[in-house]
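Worksheet: one structure, shown below.
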Amino acid sequence: MTELDILVVAGDGIGPEVTAEALRVLELVAKQADIALRLEHQVFGGASIDHHGVPATEALLERATEVDAVLLGAVGGPKWDGVAADKRPEKGLLNLRSRMGVYANLRPAKIFPSLVDASPLRRDLAEQVDYVVVRELIGGLYFGEPRGISGEPGKQVGINTLTYSEDEIRRIGKRAFEIAQQRQKKLCSIDKANVLECMVLWRRTMETLAKDYPDVALSHMYVDNCSMQLVLNPGQFDVMVCENMFGDIISDEAGATTGSIGLLPSASLGDKGALYEPIHGSAPDIAAQSKANPLAAILSVAMLFEHTAKRADLSRRIEAAVAGVLADGLRTGDLMRGDSTGKKLVSTREMADAVVNKLSLR
């Protein structure tokens, strides 16, 4: 029997709600596939600040390096806006990613046929959305040194440093090329090489690496043009590789084109462990109201089965179940756009119930 050791950190806002529904899917599919689960729950983010005074305890960070995977909900909220920068919930997330060494963040964006009309894009453009954003996750501006705010009040200076080594670029590039090999063999490297020396190195390194992947067509695009092209001509993209901040922004834009950011999962992979989380935030304005869309969290479980359990068949089953409930017309509030004929507004639990029911019909 296969075993999976998973650390569950539901976090803040809608995190606990969507994680609870994702766990129902995880447990059902694992049982059906004869996979034993060892689940451990710990508080994280703002909840950890409330309990421990820090967004991530040393014990949690250490445990995260030992398990097969971490399943995360969401972190942050206005309750902790006044917390010192080095103790904010988001700092806990950065520390978790860094400690785990999960340098490659995979964010697939594909529109479900039944949601084409929910996309803000014109139908013919929305139908083209099918790509993966590969975001470098533990370098760049979010981690570079020096950083901070200094100086006298009224004359203060804030500084953040964008830095990447060839090794870091080569590592994320290799992962992106390998993903492109499994898809349409097209890789677009997103940079700002016209004004940033760090991005000149990024582009040079990608071009050198491309020699090892002659079957993949490498192209380059400035990040500002890319943000425009995602709306004007999304069909041109297959796999995109980005530095940390660019990938953060581009993938959120990708979420909007699919109809809702509440649909997008992610997998953060390193040389050992993996971190799975929906890319949406903690959405404190709808927390504890049964309005959250659980599908991104559920699809994150699908990615867990694919990348950690190495069971792509189980991942496809979950994706098919999600597609099925959407085709049946079920919608959480974030998906109720345009013509609502034949659509049914459902709660967080009801949406997950429908997915579970589909998966139960083997």
Less than 4.5 Å apart, side chain to side chain, heavy atoms only: is that true for Lys344 and Glu350?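 Heavy-atom side-chain distance check fails, nothing below 4.5 Å.
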Is it the case that the side chains of [Y] and [X] hold a donor-acceptor pair, with the cut-off being a distance below 3.5 Å and no angle test?
| X | Y | result |
| --- | --- | --- |
| Asn160 | Tyr142 | no |
| Asn95 | Arg97 | no |
| Asp12 | Ser282 | no |

Salt bridge or not between [X] and [Y]? Use side-chain N to carboxylate O under 4.0 Å.
| X | Y | answer |
| --- | --- | --- |
| Arg63 | Asp5 | yes |
| Lys291 | Asp334 | no |
| Lys31 | Glu27 | no |

Worksheet item: Between Thr205 and Tyr164, does a side chain to side chain donor-acceptor pair (under 3.5 Å) hold up when you go through it step by step?
Response: CA-CA 11 Å; Thr205 305; Tyr164 274 106; over 6 Å; no
In short, salt bridge (Lys or Arg N to Asp or Glu O under 4.0 Å) pairs touching residues 192-205 with sequence neighbours left out are Asp191-Arg203, Lys192-Asp224
For Tyr103, the ring pair (Phe, Tyr, Trp, His ring centres under 6.0 Å) test, sequence neighbours excluded, returns none
query: Mind checking whether Leu232 and Val223 sit in one hydrophobic cluster, side chains of I, L, V, M, F, W, Y counted as touching below 4.5 Å?
result: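 Different hydrophobic clusters.
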Quiz prompt | Stepwise salt bridge (charged side-chain N to carboxylate O under 4.0 Å, His left out) check, Asp313 with Arg316 | solution = CA-CA 5 Å; Asp313 59 320; Arg316 288 192 294 269; 5.7 Å; no
